[in-house]
Amino acid sequence: MMAKVHVLDHPLIQHKLAILRDKTTGVKEFREAVGEIAGLMCYEATRNLPTEEVEIETPLMMAKCRVLSGKKLAIVPILRAGLGMVDAMVDLIPSAKIGHIGLYRDPDTHLPVEYYCKLPDDVGKRQVFVVDPMLATGGSAVAAIDFLKGHGCRQIIMMNIIGCPEGVKAVQEAHPDVEIYLAALDEGLNEHAYILPGLGDAGDRIFGTK
Ligand code: PRP
Ligand code: URA
């Protein structure tokens, strides 16, 4: 069975996504909107995390409350563009550990090339959120998830701001256990494997490199 794809059509997410898509949006506003969307998506993607009951003493009496239980979390951005989503997630999950996977797409083959990896020692025991604004061919996502599984990870959630059918299919075929959270499922890819209508090159727009 294929894992679910969740497209988060919340009005706040959609409004901020329009800012990202707009070619006149500058680096500062783009970066801010990426972070804001990541925070809103994180809120939905963490909806099913396990909780446990605890007793807390309020100023008036004892109260039964729920707190996060079980596995600790890890956030793994795919470099570079995934870095733009990390701070907003850490604001919500301050105890999360952070791993980094560096991949870039070869401009001719569009295949991912790995150049860096550093993961928490105990990443295999954690619920992992892989973050990257774009899910295009899916090559980078599949390679990152392959790598994490090679390090023992069994609970992986993929969070992308914009995806397309080709990327979703690639992840679902290679990793049917991984749920995908998107803010938008776009039409498809152009001949350079850019998402249409998309937002252009996420890394360049976050870091101002073009
Ligand atoms: C972009 C994006 C994803 C990848 C998606 O990164 O951030 O990592 O492309 O494409 P795919 O689904 O076809 O693999 P890029 O390779 O441009 O590197 P960057 O983040 O360093 O700009
Ligand atoms: N990477 C990007 O940054 N944008 C795309 O549309 C596809 C891959």
Side-chain angles (χ1 to χ4, degrees), residues 3 5 7 16-27 29-35 37-38 41-42 45 75-89 98-119 128-149 156-176 178-210:
V5 179
V7 181
K16 291 173 195 300
L17 183 57
I19 296 171
L20 291 190
R21 289 193 192 277
D22 186 338
K23 70 175 186 184
T24 69
T25 299
V27 172
E29 288 75 23
F30 191 89
R31 220 179 260 154
E32 286 168 358
V34 166
I37 292 173
M41 291 184 74
C42 178
I75 301 164
V76 178
I78 301 180
L79 308 183
R80 284 177 303 169
L83 286 174
M85 299 172 73
V86 173
D87 286 357
M89 293 194 64
I98 302 173
H100 295 88
I101 297 182
L103 296 171
Y104 71 87
R105 292 198 316 176
D106 181 282
D108 299 320
T109 64
H110 307 139
L111 293 173
V113 181
E114 188 192 318
Y115 62 89
Y116 184 77
C117 179
K118 185 80 182 165
L119 298 173
V128 178
F129 291 84
V130 182
V131 299
D132 188 335
M134 309 305 279
L135 179 64
T137 65
S140 303
V142 169
I145 298 167
D146 281 343
F147 197 75
L148 287 164
K149 287 189 174 173
I156 301 172
I157 287 175
M158 187 78 220
M159 271 180 57
N160 305 103
I161 296 179
I162 300 183
C164 62
E166 295 89 330
V168 166
K169 184 164 178 273
V171 173
Q172 284 187 322
E173 284 179 359
H175 299 293
V178 173
E179 291 198 21
I180 305 171
Y181 286 79
L182 302 173
L185 182 61
D186 275 10
E187 288 162 22
L189 299 172
N190 71 7
E191 67 276 23
H192 305 293
Y194 273 83
I195 297 177
L196 297 174
L199 52 70
D201 190 300
D204 284 339
R205 295 196 66 189
I206 291 171
F207 295 106
T209 39
K210 258 194 196 134

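Only a predicted model underlies this, so the values are computations on that prediction, with no experimental measurement involved. Note that ligands are numbered from 1 as they come in the structure, with each ligand's atoms numbered from 1 the same way.
- The protein does not reach atom 1 (C) of ligand 1 closely, with no heavy atom under 4.0 angstrom from it.
- What you find for Met89 and Ala38 is that their closest heavy atoms are CG-O, 4.3 Å.
- The nearest protein atom to atom 15 (P) of ligand 1, hydrogens excluded, is given as Arg105 N, 4.2 Å; this is a heavy-atom distance.
- Proximity to Tyr104 (heavy-atom distance under 4.0 Å) selects the following atoms of ligand 1: 16 (O).
- Protein heavy atom nearest atom 22 (O) of ligand 1, with residue, atom name and distance: Arg80 NH2, 2.9 Å.
- Within the listing of ligand 1, atoms 12 (O), 14 (O) sit less than 4.0 angstrom from a heavy atom of Gly139.
- Without hydrogens or angle criteria, Arg205 side chain to Leu199 main chain gives a donor-acceptor distance under 3.5 Å.
- Between Arg105 and Thr137, the side chains place no donor N or O within less than 3.5 Å of an acceptor N or O (distance only, hydrogens not considered).
- Here the heavy atom of the protein found nearest to atom 17 (O) of ligand 1 is Asp201 OD2, 4.1 Å.
- The heavy-atom pair separating Asp204 from Arg80 by the smallest distance is OD1-NH2, 3.2 Å.
- Among all non-hydrogen protein atoms, the one lying nearest atom 13 (O) of ligand 1 is Thr137 OG1, 2.5 Å.
- Among Gly138, Ser140, Ala144, Ala143, the residue whose heavy atom sits closest to atom 12 (O) of ligand 1 is Gly138.
- Listed by chain and residue number, the protein contacts of ligand 2 are Arg105, Met134, Ala136, Ala193, Tyr194, Ile195, Gly200, Asp201, Ala202 (heavy atom within 4.0 angstrom).
- At the shortest separation from atom 7 (O) of ligand 1 among protein heavy atoms lies Asp132 OD1, 2.8 Å.
- Residue contacts with ligand 1, taken as heavy atom pairs separated by less than 4.0 Å, involve Ala81 via backbone and side-chain atoms alike.
- Geometrically, ligand 1 and Pro133 share no nitrogen or oxygen pair separated by less than 3.5 Å.
- In terms of N/O distances under 3.5 Å, ligand 1 is not approached by His110.
- Among all heavy-atom pairs drawn from Gly35 and Ala88, the shortest one is O-CB, 3.0 Å.
- Heavy-atom proximity to Gly203, at under 4.0 Å, picks out these atoms of ligand 1: 22 (O).
- Screening residues 179-210 for ring pair (Phe, Tyr, Trp, His ring centres under 6.0 Å) gives His6-Tyr181 as the qualifying pairs, with residues at least two apart or on separate chains.
- Given atom 5 (C) of ligand 1, the protein heavy atom at minimum distance is Met134 O, 3.6 Å.
- Using a 4.0 angstrom heavy-atom cutoff, Pro112 does not count as in contact with ligand 1.
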